[in-house]
Amino acid sequence: MVSFALNGVGVSGGIAIGRVQLVSHATLEVAHYTIPVARVDAEIARFAHAVDEVQRELESLRTGAMGADGASEFAPLLRVHSMILADPGLSEAPKKTIAEQRCNAEWALTLQLGVLVEQFEQMDDAYLRERKQDVVQVGERVLKRLLGKPGPLPAPVAEEQTVLVAHDLSPADVIQFKSRHYGAFLTDIGGATSHTAIVARSLNVPAVVATHNARQLIRDSELVIVDGDAGVVIVNPDRAVLAEYRLKQTELALERQKLKRLRSKKAETIDGVAVELYANIELPDDLAAALDNGATGIGLFRSEFLFLNRDGLPSEDEQFEAYRTVLAGMNGQPVTIRTFDLGADKQAEGLAGLARVAANPALGLRAVRFCLAEPRLFQTQLRALLRASHYGKLRILVPMLASSAEIDQTLAAIAEAKASLDDQGVPFDAAVEVGGMIEIPAAVIAMDPFLAKLDFLSVGTNDLIQYTLAVDRSDEAVAHLYDPLHPAVVRLLAQAITTATKAGKPIAVCGEMAGEITLTRLLLGLGLRHFSMHPAELLAIKQRVLTSEVAAMKSIVDRIRRAPSADRVASLVDKLNAL
C-alpha cells in the first residue's frame, strides 16, 4: 500500500491512529437516466416519500437531541435543517424537473442542489455563503434515501479506534458521532465557522477538516494517523512513522493525565503572583467541561449562540433559564455573560426581518450597536440577565463599545430593565457589575470613560487584532497578515492592561491569545492577571503560569514593548518562553 499525507485544518487537537470508515457522499454517486412517461407520477411520488421520510428522521433526531446528555446544542441546528427541507426550493422544484425532463429523482435533486449552491455562493455575506453547506447536507440525506442508503453512521469497530472520513458531517451526523466514540474524524470541507468545527472541541477527539479530497483518496479499512494539532493525516504509514506517532500518542496521554492533577491547584507564579483562569463557553452544556478543567469562573458566556441556528428568537424565559443554569452551576463563582454579539459573521434566523445587506458587516450594525438600535430585543435580554443575577455572581459584559455615548446609552438601558423588574417585584442583584469589551483601538486610546463608568474590562483580542491591522481573518487572501505579535497589537495590549491596572480596574483577556500557551508569559509580563479561554486549554495554561516567574521576565518584556517589528517581537517571545 502506498503511503501519503494530506494537509487540512486541525480543529481539535490530539493524535488518533485507526482504521478508516467512509461515509457515503451521495452527490458523487448519482446516475442520470430517462424514465418513461407512464412512470413520471410514480417517480415524483418516490421523491416526495423520501422527503417525508427524512423530515420524520430529522424530527426524531431533534426530539432525541433535546433530551440527550451533551447533545442539546444540536436541536436548533436540526430545526433549521427541517425548515430547509420544507422550503419549496428543495422539496418542490425537483418534482418540476422530473416532470419536464423525465429524469430520475436523484438527478433532479442533484441539479436543484447545484442551483441552490450557486445562489448561496453569490451572496455577499460570508456567514450566509457558508450556510450553503446546510442545504447540501439536507439534500444528501434525501439522496441517500432515494439511493437506498439511509440510516445512521457506521458503528465503530470495537477492537480498535475508528476514523470516520466524510465529505462533510451534518449536525444530525455529529449527534450520532458523539454517542459512538469514534477515534477521530476527517472531512473534505469545512472551516473555522463550520458546524463540524464549532462542535469538534466538545468531542475531545482529533479532527481535521478542509482536507479537500480525503473522501476520494482514502479507502475503507486503511490505517491512518490523524494529527489534530498539526492538521496532518498520514495514510498507510510505514513502521517507523507508526512507531513515532504511537510514542507521541502515549506521551500526550501521559501529559493529559499529569495536567489533571493541577485541576484544584491555585494558579500562581513562582514568585507568588496570583492569576485567575476562567473559561469561555457558548452554551450551558459547556459548563461541565469548564468545571472539570478547574475554571474559577466563567470569563465569557457568548450569549449569541442561544440565538443562532433556530427559526425564532429565544424568549425572556428561555434566556433566563440558560443564564440561571450557568450561574447556579458555578456555585457563587463569577459568571461573565456577554450581551448578544450578533451581526458580521453571526446572523440569527429570527432576525431576518431586521437584516440588511452591509458593504462591510464587520464595521456595520453589530454587537452593542445592534442592541441599541433594537431596544426591545435588548430589553428582553437585559431583563433575563438581571432576573438570573438573583441566582449567582453575574457580571454583564457589553461588546464593541467605542465611545462614552454608547456606554451611557447601555447603562440607561440596564437602568430601564431594572426599573421594570422593580415595578413587577421581581428579585435581582441591584449591584450587578457591568463591564465593557476592549476590541476597538479607539477604546484603548480613549479609555477614560471606560474606567470612570464601568466596573471591569475584558480585551477581545480577535477583533482588536482585526481592527488594528485592517485584516479580515475569514479572507484567505489576507489571513496571513493577521498577527497577534505585530508591534501595534502588543503596544495596544500593554497600554490597555497598564492603564486599567493603574486605575484599579480589573481587566481580562478573553480572546484566542489568552489560550495560546506560547503567549502566556508575554501576557503575564504585560501585567495581565485574568485570563479566559476554552475549557480544554485551561490546565496547560495553568501549568505555564506555575512555571513562570514574573520578575525574571521584566527586561525581555520591556524590550518587546519597544520592538520595531513582528519578527523581533517573536524572537523575544521565544527567549521569554525559554526562561
Side-chain angles (χ1 to χ4, degrees), residues 22-62 77-151 166-173 187-189 194-195 213 215-216 309 311 347 349 352-353 355 357:
L22 297 178
V23 177
S24 174
H25 178 40
T27 54
L28 299 179
E29 302 158 6
V30 171
H32 177 205
Y33 55 87
T34 302
I35 58 175
V37 175
R39 283 188 51 202
V40 167
D41 288 344
E43 192 69 4
I44 291 173
R46 187 169 76 90
F47 172 77
H49 179 70
V51 170
D52 290 343
E53 287 288 304
V54 171
Q55 193 66 272
R56 282 192 287 271
E57 180 184 13
L58 289 172
E59 179 59 29
S60 175
L61 286 167
R62 188 173 71 86
L77 306 181
L78 293 168
R79 189 185 297 114
V80 171
H81 279 208
S82 293
M83 292 172 62
I84 291 171
L85 184 57
D87 189 280
L90 195 61
S91 61
E92 296 297 327
K95 296 178 183 178
K96 184 178 179 181
T97 303
I98 294 170
E100 292 178 349
Q101 299 187 20
R102 288 173 47 205
C103 63
N104 56 308
E106 296 90 342
W107 186 251
L109 178 54
T110 301
L111 291 177
Q112 183 59 17
L113 283 174
V115 171
L116 294 173
V117 166
E118 185 176 355
Q119 290 174 355
F120 273 82
E121 287 177 342
Q122 292 174 355
M123 293 179 179
D124 293 329
D125 186 274
Y127 179 85
L128 293 176
R129 280 199 307 274
E130 195 164 300
R131 297 287 70 77
K132 71 183 179 185
Q133 204 50 45
D134 291 297
V135 176
V136 173
Q137 289 170 352
V138 173
E140 285 262 310
R141 298 190 81 81
V142 179
L143 280 172
K144 288 176 183 178
R145 283 279 170 185
L146 291 168
L147 292 166
K149 300 177 181 179
H167 180 68
D168 192 22
L169 291 171
S170 72
D173 291 329
T187 59
D188 290 339
I189 63 176
S194 64
H195 290 317
N213 50 13
R215 176 63 181 77
Q216 292 176 290
N309 298 310
D311 54 359
Q347 302 289 339
E349 298 287 334
V357 177

Could I get the full list of side-chain hydrogen bond (donor to acceptor under 3.5 Å, both in side chains) partners for Ser82, not counting sequence neighbours?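 Per chain and number, Ser82 pairs via side-chain hydrogen bond (donor to acceptor under 3.5 Å, both in side chains) with Gln55.
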For Glu92, enumerate each residue passing the side-chain hydrogen bond (donor to acceptor under 3.5 Å, both in side chains) test, keeping only those at least two apart in sequence or located in another chain. Lys95
Close side-chain approach of Asp87 and Val135, heavy atoms under 4.5 Å: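 Heavy-atom side-chain distance check fails, nothing below 4.5 Å.
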Quick one, Leu58 and Arg141 - any side-chain contact, counting heavy atoms below 4.5 Å? yes
Start with the C-alpha distance between Leu90 and Leu113, add both sets of side-chain angles, then the distance that settles side chain to side chain contact (heavy atoms under 4.5 Å, CB included), and finish with yes or no. CA-CA 8 Å; Leu90 195 61; Leu113 283 174; 3.8 Å; yes
For [X], which residues count as a side chain to side chain contact (heavy atoms under 4.5 Å, CB included) partner, sequence neighbours excluded?
{"X": "Thr97", "value": "Gln101, Cys103, Ala108, Leu111"}
{"X": "Arg39", "value": "Pro36, Glu43"}
{"X": "Ala99", "value": "Val40, Ile44"}

Do you know which two heavy atoms are closest between [X] and [Y], and how far apart they sit?
{"X": "Glu106", "Y": "Asn104", "answer": "OE1-ND2, 3.1 Å"}
{"X": "Leu109", "Y": "Gly139", "answer": "CD2-O, 3.7 Å"}
{"X": "Ala50", "Y": "Leu146", "answer": "CB-CD2, 3.7 Å"}
{"X": "Leu85", "Y": "Val51", "answer": "CD2-O, 3.6 Å"}
{"X": "Ala105", "Y": "Phe47", "answer": "CB-CB, 3.9 Å"}
{"X": "Pro94", "Y": "Gly89", "answer": "CD-O, 4.4 Å"}

Can you measure from CD1 (Ile84) to OG (Ser91) and round to the nearest 0.5 angstrom? 12.0 Å
With Glu53, which residues qualify under salt bridge (charged side-chain N to carboxylate O under 4.0 Å, His left out), at least two apart?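 Glu53 satisfies salt bridge (charged side-chain N to carboxylate O under 4.0 Å, His left out) with Arg56, Arg145 only.
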What do the steps show when you test Leu22 against Arg215 for side chain to side chain contact (heavy atoms under 4.5 Å, CB included), and what is the final call? CA-CA 7 Å; Leu22 297 178; Arg215 176 63 181 77; 3.7 Å; yes
Is the backbone of Thr34 close enough, under 3.5 Å, to the side chain of Arg102 for a donor and an acceptor to pair up by distance? no
Which pairs count as ring-ring contact (aromatic ring centres under 6.0 Å, His included) when at least one residue sits in residues 83-118, sequence neighbours excluded? His32-Trp107
